[in-house]
Amino acid sequence: MNKKKKQKKIRQKAYVLKNTAFMLGCAFKCAPLSLIIIYLSYIAENVYYSVVINVMFLETALSIVEGNGTFNEFVFWMSVIVAGKLLIDLLGYIDFYTVRTKFEIKCESYINSLIFKKAQEVELGCYEDPDFFDKYNRATWVVEKGGFKRIIEGSAWTIGSFISIVSLISYLISIDPVLLIFIVCPLVVIVFRIFKNNMELEKEKEMTPFERQKDYVRRTILLKDFAKEIKTTNIFAVIDKRFRSAIQKNIDVIKKYGWRIAVLECISDYFAEIIPVTGGFLYACYRLIVVQNLPISEFSVLISAITTCRNKLNHLAHYFAMQQKHCLWVQNLREFIEYEPKIKGGELIPEDFKSLEFRNVSFRYKEDGDCILKNISFKIEKGQTVAIVGHNGAGKTTFSKLLMRLYDVTDGEILYNGINIKEYDLIKYREKFAGVFQDYRVFAMSVSENVLTREITPENEAVAVKALKMAGVYDKIASLPDKENSILTKEFMSDGILLSGGETQKVTISRIFARDFDIAVLDEPSSALDPVAESKMYDALLEGTKGKTVFYISHRLSSATRSDNILVFNNGTVIESGTHEQLMEKGGEYSEMFTLQASGYKGEVSYDEE
């Protein structure tokens, strides 16, 4: 284990230059001129204050006091200082007020676009993997924690400091090479700060899962979806316990690393402050007082140069260590955006749908997990309506995910027009489907945008209206102040529209009617509807999907009576198939389920009549 950690740390150090170069490459793509101005600003400011002011000007001024210089030289240096100050201030103001903000926005937008694009590409299984979320969170640190900005500024400051340090060391060596001993000490600080940063990164990594738990609790408490349960049950006590547990675990992690980090910081300060300052001052005083071979002017400039050089080296050590930390954030980002999705498309473009076949399909979510679907085989022809029914946990929703290739089968194959679906271009294949999922969602956008799921144009506005009418929800939408342009949810607008559960589900169902497709997959499409609304919805779906192939996935069997074929799932297998009449006559699982549900509806009807 220790060997692996050492190898990992070596790799991390090697990543600093690569990841800095990666960030600079991103920045140059976004705003090359802005990047150059930022670098010039940092370099000019560093060299000006460290070398021009603290050494050159000070040496000239003291020489004049000692009678070794002329007034003209003093005027010259004063002119250089004033002109330099004006130019540096001008460059700094241009950088700060006109360049930096736009530069940061462009760069952050670019990095976010990389993250968002990859988030769209990764397979659905990644969203159900806690390790993926931890990696995703660490990838966003580059933007959320200002890592991008710090890397750019840090690298610019480092180059400026390096130029200043080289100039100062050259000057000190010209006075006395022995002074180099006291200047080298702060370089040791870099080593200790690297160790410290590695510990801090390990600490943050261990804290990430607990931070996610805390974030989940904070979001849950504020979301309307959970408000009723929180206010009417004792679930808050459980949530609060989880929150406090996450805090305690973070405290334990901090205790684990805190004292080690403190010791390394103490040693760093010793090498950064005490040795160079005390040693350099004592040696300069020795030459001035005992040996008496150092003029007062050189003594003063030497002290200033040592102090400045010490500060620059300390800052350089700090920036180098911080750069390593931020570059490891970038490494997390690069690992995320360079992740190769396991589900990849082929080269074939799917033609118009003719048939779909599951051939000996089995599936498990994890390699060592239980099979969710087991050796399923059936074939569907174009234009058929198929009901997928069964109890909760029977594998119905998993079936829909495999159908739309959100997951790949573990064994067997799925054939579209007789060809394995892995051979088709992934995007083009999914375009053949229209889906409504049981965990339906609307976005904080207009009703029309929610229906069309794309940009609104004058040409497609009527499509959204027609789809809403077919879904049976347009009367409600037409009653809103802005009709189909009304913004749903109150996420960004206090006057945003909150629809009921049934109305929201109808809006999501309308997406089916707003697009061209070959196969519709409706997973619990009527879960939020009452029996009357459900019947009307199925009438609309039958009308709107004529000639199309439709899969109805539900544990409610009202859709099954209207289907051409019914597949009964139980414990991951298809135990029965046939029409409603055939399965009722058979008297098996389907017949029992249907009879129980029908009796429940009769009970509701008699209750209402009373």
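Note: hydrogens, waters and symmetry copies are ignored here, and every other heavy atom, side chains too, is used.
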Quiz item: Among all residues two or more places apart in sequence or in another chain, which pass the ring pair (Phe, Tyr, Trp, His ring centres under 6.0 Å) test with Y365?
Solution: F363, Y407
Self-check item: Pairing residues for F517 by the ring pair (Phe, Tyr, Trp, His ring centres under 6.0 Å) criterion, not counting sequence neighbours
Solution: none
Quiz item: At their closest point, which heavy atom of A27 faces which heavy atom of I152, and how far apart are they?
Solution: CB-CD1, 3.9 Å
Quiz item: Closest approach of T385 and R562, non-hydrogen atoms and distance?
Solution: OG1-O, 3.7 Å
Is atom [atom1] of [X] surrounded by more than 12 heavy atoms (other residues, nucleotides or ligands) closer than 6.0 Å?
X: I349; atom1: CD1; result: yes
X: E351; atom1: CD; result: no
X: E455; atom1: CD; result: no
X: R242; atom1: CZ; result: no
X: E381; atom1: CD; result: yes
X: K422; atom1: NZ; result: yes
X: K483; atom1: NZ; result: no

Going by atom types only, do [X] and [Y] share a side-chain donor-acceptor pair under 3.5 Å?
X: N485; Y: S446; result: no
X: E592; Y: T595; result: no
X: N19; Y: Q331; result: yes
X: N375; Y: S362; result: no
X: T457; Y: N460; result: yes

Exercise. Apply the side-chain contact (heavy atoms from CB on, under 4.5 Å) test between E338 and each candidate in R334, E335, E340; give the one that qualifies.
Key: R334
Exercise. Only one of K344, E121, R405 passes side-chain contact (heavy atoms from CB on, under 4.5 Å) with L426; say which it is.
Key: R405
Quiz item: Do T579 and D564 have side chains that get closer than 4.5 Å, going by heavy atoms?
Solution: no
Quiz item: Would you call K214 and E211 a salt bridge, using N to O less than 4.0 angstrom?
Solution: yes
Quiz item: Any ion pair linking D516 and K548 (charged N to carboxylate O, less than 4.0 Å)?
Solution: yes
Spacing of [atom1] belonging to [X] relative to [atom2] belonging to [Y], to within rounding of 0.5 Å:
X: F243; Y: Q213; atom1: CZ; atom2: CD; value: 11.0 Å
X: E423; Y: L415; atom1: CD; atom2: CG; value: 10.5 Å
X: R515; Y: R454; atom1: CZ; atom2: CZ; value: 8.5 Å

Exercise. Any ring pair (Phe, Tyr, Trp, His ring centres under 6.0 Å) involving residues 380-404? Give me the pairs, sequence neighbours left out, ordered by first then second residue.
Key: F358-F399, F378-F399, F399-F551, F399-F569
Exercise. Any ring pair (Phe, Tyr, Trp, His ring centres under 6.0 Å) involving residues 453-482? Give me the pairs, sequence neighbours left out, ordered by first then second residue.
Key: none
Exercise. Show the numbers, then the answer: is there a side-chain contact (heavy atoms from CB on, under 4.5 Å) between I487 and I497?
Key: CA-CA 6 Å; I487 301 298; I497 304 302; over 6 Å; no
Quiz item: Considering residues at least two apart in sequence or located in another chain, which fulfil the side-chain contact (heavy atoms from CB on, under 4.5 Å) criterion with C26?
Solution: F22, M23, Y110, I111, F148
Self-check item: Test side-chain contact (heavy atoms from CB on, under 4.5 Å) applied to K342 - qualifying residues, sequence neighbours left out
Solution: E123, Y339
